[in-house]
*Asks:* 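One structure is given below, represented as structure tokens, and several questions about it will come after.
We're numbering straight along the sequence, starting at 1. Remember, predicted model here, so these are calculated numbers, not experimental data.
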Amino acid sequence: MAHTEIIDGKLILRDDWSIEDVHQAASDQNKKVTDDEAEEVLHLIANNFDANLGIHWETFYAALDHVKPDWV
């Protein structure tokens with residue numbers, strides 16, 4: 001997923017995640033989320049990002065459990 005890109009003449013390292021990734025993480029747990037819930041998961045992850053931990057599938061699973069606590 002990680003890739004480099006030139007933005008405003010500067011080389012940037014990007015690791016893009018999308019709503020489809022949230023749906024995949026939910027599917028991995030045999031669950032479903034709406035697009036609105038998937039957006040909430042992405043915002044939750046972005047607003048609590050810790051560069052020491054990074055973003056990975058476990059991050060998505062934890063965020064899904066937070067957004068949909070009735071799953072736990």
Side-chain angles (χ1 to χ4, degrees):
M1 284 198 178
H3 62 280
T4 57
E5 184 175 324
I6 296 180
I7 298 176
D8 295 329
K10 297 179 182 177
L11 184 64
I12 304 293
L13 174 63
R14 295 187 59 161
D15 189 13
D16 298 333
W17 294 87
S18 69
I19 287 176
E20 288 79 17
D21 295 310
V22 180
H23 285 292
Q24 180 60 55
S27 177
D28 290 348
Q29 298 178 321
N30 296 316
K31 300 170 183 169
K32 293 185 183 236
V33 291
T34 65
D35 284 348
D36 287 340
E37 290 167 332
E39 286 182 13
E40 186 177 347
V41 167
L42 289 177
H43 285 293
L44 179 67
I45 292 170
N47 291 332
N48 293 283
F49 177 71
D50 182 339
N52 291 307
L53 300 175
I55 298 173
H56 44 82
W57 289 112
E58 292 296 327
T59 309
F60 280 81
Y61 303 148
L64 282 162
D65 288 342
H66 183 78
V67 169
K68 306 261 307 183
D70 55 312
W71 286 359
V72 179

*Asks:* For Ile19 and Ala38, work out which heavy atoms get closest and say how close.
*Replies:* CG2-CB, 3.7 Å
*Asks:* Is there a side chain to side chain contact (heavy atoms under 4.5 Å, CB included) between Val22 and Leu42? Walk through the geometry before answering.
*Replies:* CA-CA 8 Å; Val22 180; Leu42 289 177; 3.7 Å; yes
*Asks:* How far apart are the closest heavy atoms of Leu64 and Ala26, and which atoms are they?
*Replies:* CD1-N, 3.6 Å
*Asks:* Let me confirm one number: the CD-NE2 distance from Glu40 to His66, rounded to the nearest 0.5 Å.
*Replies:* 7.5 Å
*Asks:* Go through Val41 and Val33 one step at a time and tell me if the side chain to side chain contact (heavy atoms under 4.5 Å, CB included) criterion holds.
*Replies:* CA-CA 10 Å; Val41 167; Val33 291; 5.8 Å; no
*Asks:* Can we say Arg14 and Asp16 salt-bridge, meaning some charged N sits less than 4.0 Å from an Asp/Glu carboxylate O?
*Replies:* yes
*Asks:* So, taking the atom named CG in Asp70 and the one named NZ in Lys31, what distance separates them when rounded to the nearest 0.5 Å?
*Replies:* 8.5 Å
*Asks:* If I take atom CG from residue Asp35 and atom CD from residue Glu20, how far apart are they, to the nearest 0.5 angstrom?
*Replies:* 8.0 Å
*Asks:* What heavy-atom pair brings Leu53 and His56 nearest, and what distance separates the two atoms?
*Replies:* O-CD2, 3.6 Å
*Asks:* Looking at every heavy atom in both Asp21 and Trp17, which two are closest together, and how far apart are they?
*Replies:* OD2-CA, 3.3 Å
*Asks:* CD/Gln29 to CD/Gln24 distance, rounded to the nearest 0.5 angstrom?
*Replies:* 11.0 Å
*Asks:* Quick one: pull up CG in Asp50 and CD1 in Ile45 and give me the separation to the nearest 0.5 Å.
*Replies:* 13.0 Å
*Asks:* Provide the closest heavy-atom pair for Gly54 versus Thr59 in the form atom of the first, atom of the second, distance.
*Replies:* O-OG1, 3.8 Å
*Asks:* Pair Phe60, Leu44 - check side chain to side chain contact (heavy atoms under 4.5 Å, CB included), show working.
*Replies:* CA-CA 10 Å; Phe60 280 81; Leu44 179 67; over 6 Å; no
